[in-house]
Protein chains: 2
Amino acid sequence: MNTSYPEPARFPVTVDVVALTVSAGALQVLLITRLIEPFKGSMALPGGFVLPGEGLIEAATRELAEEAGVAEQPGYLEQLQSYGPKGRDPRGDVLTVAHLLLAPNFPVIAAGSDAASAGWYPVKDVLAGEYSLAFDHAEILSDAVERARSKLEYSPLGAAFCTPEFTIAQLRAVYDAVWDTKLDPRNFHRKATGTPGFLEDTGKMSTGEAGRPAALFRLAPQAHTTRAACAHAVLNPPLMRPAALTGQD
Amino acid sequence: MNTSYPEPARFPVTVDVVALTVSAGALQVLLITRLIEPFKGSMALPGGFVLPGEGLIEAATRELAEEAGVAEQPGYLEQLQSYGPKGRDPRGDVLTVAHLLLAPNFPVIAAGSDAASAGWYPVKDVLAGEYSLAFDHAEILSDAVERARSKLEYSPLGAAFCTPEFTIAQLRAVYDAVWDTKLDPRNFHRKATGTPGFLEDTGKMSTGEAGRPAALFRLAPQAHTTRAACAHAVLNPPLMRPAALTGQD
DNA sequence: TCAAAAGTGTTCCACATACACCCATGA
DNA sequence: TCATGGGTGTATGTGGAACACTTTTGA
């Protein structure tokens with residue numbers, strides 16, 4: 001740590017949030033339309049400058065509230081990665097710390113103070129380049145999606161996409177959407193319910209749907225990652241995604 | 001991204017490097033002794049302020065050179081995580097971006113401009129609190145070690161701890177040191193050589209040691225993560241560490 | 001009665017584990 | 001010739017993949 005004064009350089013620091021949800025059977029990302037330069041009119045991840053005396057998660061939470069109208073943190077939020085000061089903002093060196101939010105579908109307000117049209121967009125289309133993203137947000141989104149995909153393998157965070165009580169089929173729909181697979185319902189059921197420390201039976205049943213009613217589950221207490229505390233719960237053995245999807249071999 | 005001027009706050013940004021290596025059968029971390037306040041006299045991770053116009057990896061590489069006398073990057077370097085401006089430096093808000101370096105044992109110079117006694121220390125002892133670390137470096141080290149441990153499972157980065165050509169036994173010694181295990185030599189041999197896209201036989205043999213000479217291997221071209229390019233090579237199926245070591249269950 | 005979805009049982013096979021055994025070197 | 005470590009073969013067990021089959025609802 002070099003403190004041989006002269007004064008160290010100072011940088012503006014932003015937080016960006018890749019908020020992901022599953023709806024309509026697909027992984028969706030929260031994007032806003034920029035109302036100001038640079039990249040006015042482009043889509044972008046919600047985010048903004050860190051204020052003095054703020055922590056990173058704190059800043060990310062605040063920006064989410066400001067730009068998407070989210071009253072309280074609707075899911076699981078963790079730091080993703082930093083992208084760094086050189087060459088990513090036409091105004092100069094800006095460091096951004098990207099975050100990942102996994103949440104059940106929540107409503108977003110139409111407009112905030114400096115962003116409009118917050119809304120959900122299918123990740124598949126966004127990554128395919130159908131919308132032009134500001135800054136290096138396309139790269140950030142791509143990294144975030146890969147992180148989310150691998151998180152589902154070895155952590156109970158798939159449940160972060162579900163409401164507090166959910167059926168196995170709803171959880172499986174999350175995995176299918178995030179991994180873009182069609183997992184076998186029977187094997188998934190056995191694996192999910194058989195993994196110790198993952199799910200807890202509420203005793204209640206779903207109703208109203210076609211077919212036989214399904215048991216409702218919640219996250220087991222020891223896996224409670226939604227509230228920040230212990231985000232380190234691990235599924236052992238992991239729920240492996242089919243090898244074809246890990247990007248090689 | 002909130003650019004509703006007033007000017008955004010600016011923060012000093014540092015990079016810290018958790019440089020890990022394996023020697024004497026144990027995982028070791030590179031620490032320096034601080035010559036200046038704050039935490040004068042404490043041990044710390046090498047690191048320092050990011051300069052204008054620098055990228056993060058660039059800054060980490062430079063600091064490693066300055067504080068440990070490393071001419072060129074001796075191994076695999078990747079970003080670990082950022083630790084947030086609030087409450088980690090007595091001088092005020094400082095954001096640090098921690099990095100992880102996995103490298104074969106390399107010599108470090110005794111002193112730099114603002115750090116002395118750069119040297120390798122057993123991770124086990126450091127995590128046990130035998131040395132007092134500056135700032136939140138103990139937390140950073142702990143996160144780094146956990147990252148390194150899981151990296152070995154699903155990536156070919158164990159080889160980053162080895163010289164360019166190595167025997168299976170040397171590679172196994174890396175896994176044993178990082179995971180604090182004693183893997184079965186025979187099964188490890190089969191698994192390592194049998195994993196497609198991991199190792200490549202050089203045709204050469206080791207000599208001089210006791211026992212039968214061992215074949216020398218190198219990282220397969222498609223797994224070349226040492227040169228930054230494709231750090232995303234994946235071992236499939238992974239080399240699982242014994243369940244007892246994942247910290248639960 | 002039929003379609004649809006939940007949930008169980010069973011078979012098959014890949015692979016991790018454990019370990020017997022042989023090979024090639026230095027002392 | 002013995003000790004040491006390299007490397008192969010093989011039996012056993014666990015768990016994932018595939019799928020037949022039963023259960024329980026809505027239409």
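Each chain gets a letter, A, B and so on, in the order the sequences are listed, and its residues count up from 1.
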- Quick check: does any side chain N or O of A/Y175 sit under 3.5 Å from a backbone N or O of A/L152, one acting as donor and the other as acceptor? yes

- Rounded to whole angstroms, how far apart are CZ on A/F188 and P on C/dA5? 17 Å

- Nearest-0.5 Å distance that lies between atom CZ in B/F166 and atom CG in B/L199: 5.0 Å

- Query: Which residues within residues 169-177 of chain B lie with some heavy atom under 4.0 Å of an atom in DNA chain D?
  - Reply: B/A169, B/R172

- Item | Value in whole Å for how far the C1' atom of C/dA4 lies from CD1 of A/I168 | 18 Å

- Item | Nearest-nucleotide 5' precedence on DNA chain C, A/A214 against B/A210 | A/A214

- Item | Nearest-Å distance for atom pair CD/C1', residues B/E209 and C/dG26 | 11 Å

- Message: I want to check something: taking the side chain as every heavy atom from C-beta on, are B/I168 and B/T193 in contact at a cut-off of under 4.5 Å?
- Response: yes

- With the side chain defined as heavy atoms from C-beta on, A/R212 is closest, among C/dA24, C/dA20, C/dA6, to C/dA6

- Could A/E78 and A/R147 be called an ion pair, given the rule that one side-chain N must be under 4.0 Å from one carboxylate O? yes

- Side chain B/W120, main chain B/T21, donor-acceptor under 3.5 Å: no

- Spacing between A/N187 atom CG and C/dA6 atom P, to the nearest angstrom: 14 Å

- Whole-Å distance separating the CZ atom of A/R186 from the C1' atom of C/dT10: 12 Å

- Message: Check this one for me: any side-chain N or O of B/H189 less than 4.0 Å away from OP1 or OP2 of D/dG7?
- Response: yes

- Give the rounded distance in Å between these two atoms: CE of B/M205 and P of C/dC23. 15 Å

- Take atom CD in B/E209; do more than 12 heavy atoms of anything else shown fall under 6.0 Å from it? no

- Message: If I take atom CD in residue B/E153 and atom C1' in nucleotide C/dA16, what distance separates them, rounded to the nearest angstrom?
- Response: 14 Å

- Position toward the 5' end of DNA chain D (nearest nucleotide), B/P213 or A/D184: B/P213

- Message: Quick check against the 3.5 Å criterion: does A/T167 have a side-chain atom that pairs as donor or acceptor with the backbone of A/Q170?
- Response: yes

- Message: Does D/dG15 have its OP1 or OP2 closer than 4.0 Å to a side-chain nitrogen or oxygen of A/K191?
- Response: no

- Task: Send over the distance from A/F217 CZ to C/dG7 C1', rounded to a whole Å.
- Result: 10 Å

